[in-house]
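Below: one structure, written as C-alpha cells.
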Amino acid sequence: MTTQDHSDGKQIFLSFLKQNFDRDFSEKFELLTKLYFEVNSVINISALRTESDVYIKHYLDSIYPYKHFTGTCCDVGCGGGFPCIPLAIVTGLNFVGLDSVGKKLTLINRCIKELGLNNITAVHARAEDVAKNGKLFDTVSARAVSDIDKSLAFCAPLSNRGGKIILYKTQNDSKAKTETEKKYNVRLVQSEDYTLFSTDINRRIFIYEKL
C-alpha cells in the first residue's frame, strides 16, 4: 500500500473500525461520504475528490488518535468537519466544530440533520471569541490548522485546567517553543509517531496539558 494507491481506502478504513470498535459504523460513513461529495461539489471544503482518499485521509486520519479524546471536545479550525465528524460518530462524545468561515460548517450541519448526529454542534466563530465567553472544554484539537505555536495560541484558551490539547501534525513538525508553553500555561505530556493502518502515511500527534 502506498500513498499514491488508495484504491482500497474504504476497505482499509472499515477493517480498522472492525478491529477497534464493537459497533458497526459503516452505514454512517457511507451516508457521510454521500453528503461530503454533495457539499464539496458546491462549497470547496476539501481538495480530496476520490472516495478512497476521503476514507483514508479524512476518516482514518481523523479517528486514529480517538482513545485520547475524553469529556467535552472542541475541534478548532474544523473546516469541513474533520476530525470532529468522524470522531463524534465513533466515540459518542460531545463535540463542537469551530471555524471562522461559516460556509465550511455546511457539512456538519447537514450531518446533524441527515445523519441524526446530535452530539456535534457547528459554531461559526473565532476561537478567541469563544474563549472570551468562558466556554471551556476537556479536550481541544486542531488538525492542519497552523504551525504548532499558533495552534496552541488558538487552543489553549479553550481548554479546562487539566484538559488536553491534541494537535495533529506531520513527522516533520517539532514541539512548541518553551516560551509558547509558558505563555499559554501548557506542558507537553506526549508526542506520538504512527503510521496510518495499512498505509505508508506517517503522522505525529502532540498532546499538551493545560496547567
Side-chain angles (χ1 to χ4, degrees), residues 32 35-49 54 57-59 61-63 65-66 68-69 71-89 91 93-115 117-161 163-170 173 176-177 179-181 183-186 203-208 210:
L32 172 58
L35 288 177
Y36 168 85
F37 284 112
E38 282 182 17
V39 172
N40 206 43
S41 67
V42 181
I43 301 167
N44 188 27
I45 56 174
S46 167
L48 299 187
R49 296 289 186 263
V54 170
K57 296 178 182 177
H58 276 333
Y59 304 166
D61 190 48
S62 290
I63 72 168
Y66 74 94
H68 296 294
F69 285 78
T72 56
C73 306
C74 180
D75 182 18
V76 176
C78 67
F82 305 103
C84 58
I85 296 172
L87 285 168
I89 291 172
T91 67
L93 297 171
N94 288 318
F95 275 83
V96 167
L98 181 64
D99 206 280
S100 61
V101 181
K103 66 180 181 179
K104 288 186 177 181
L105 300 171
T106 301
L107 182 58
I108 297 178
N109 286 317
R110 290 281 301 273
C111 286
I112 294 168
K113 291 178 182 177
E114 298 175 46
L115 269 66
L117 206 57
N118 298 321
N119 59 321
I120 187 167
T121 304
V123 175
H124 174 207
R126 293 163 62 87
E128 49 267 45
D129 294 332
V130 175
K132 285 175 186 174
N133 291 333
K135 181 67 174 174
L136 301 177
F137 301 87
D138 300 316
T139 306
V140 182
S141 62
R143 175 177 175 258
V145 168
S146 188
D147 66 56
I148 197 158
D149 294 276
K150 287 181 181 175
S151 295
L152 281 174
F154 295 137
C155 294
L158 290 166
S159 177
N160 277 319
R161 187 175 180 182
K164 286 178 286 189
I165 300 162
I166 300 174
L167 304 178
Y168 291 66
K169 294 296 179 184
T170 71
D173 290 298
K177 299 182 181 71
E179 52 265 39
T180 302
E181 292 189 13
K183 181 177 181 179
Y184 296 105
N185 204 27
V186 298
R203 292 287 187 255
R204 174 176 293 163
I205 59 165
F206 293 96
I207 303 177
Y208 286 85
K210 180 70 175 288

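What you see below is based on every heavy atom in this structure, not just the backbone, and it leaves out hydrogens, waters and symmetry mates.
- Checking side-chain atoms of D75 against main-chain N and O of C84 turns up a donor-acceptor pair under 3.5 Å.
- No donor-acceptor pair closer than 3.5 Å links the side chain of T121 to the backbone N or O of V96.
- Qualifying ring-ring contact (aromatic ring centres under 6.0 Å, His included) partners for Y66, counting only residues two or more places apart in sequence or in other chains: F21.
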I'd like to know whether T106 forms a side-chain hydrogen bond (donor to acceptor under 3.5 Å, both in side chains) with N109, so could you lay out the CA-CA distance, the side-chain angles of the two residues, the decisive distance to 0.1 Å, and finally the verdict. CA-CA 5 Å; T106 301; N109 286 317; over 6 Å; no
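- Crowding of K104 atom NZ: a count of heavy atoms from other residues, nucleotides or ligands under 6.0 Å not exceeding 12.
- Remark: E128 engages R126 in a salt bridge, criterion side-chain N to carboxylate O under 4.0 Å.
- G77 and D99 get closest at one heavy-atom pair: C-OD2, 3.3 Å.
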Test L152 against L167 for side chain to side chain contact (heavy atoms under 4.5 Å, CB included), laying out the working first. CA-CA 8 Å; L152 281 174; L167 304 178; 4.1 Å; yes
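- The nearest pair of heavy atoms linking L117 to A88 is CD2-CB, 4.4 Å.
- For the pair K135 and F137, the cation sits on the ring face: its NZ or CZ lies under 6.0 Å from the ring centre, inside 45° of the axis.
- The closest donor-acceptor contact from the side chain of D149 to the backbone of K177 lies under 3.5 Å.
- Of the N and O atoms on the side chains of Y36 and S46, at least one donor lies less than 3.5 Å from an acceptor on the other residue.
- Not a single donor-acceptor pair under 3.5 Å links the side chain of K164 to the backbone N or O of T139.
- Between the side chain of D147 and the backbone N or O of K150 there is at least one donor-acceptor pair closer than 3.5 Å.
- Between R203 and D61 there is a salt bridge, since at least one side-chain N of the basic residue sits less than 4.0 Å from a carboxylate O of the acidic one.
- Under the 3.5 Å distance criterion, the side-chain polar atoms of D173 are matched with a main-chain donor or acceptor of T170.
- Crowding of R49 atom CZ: a count of heavy atoms from other residues, nucleotides or ligands under 6.0 Å exceeding 12.
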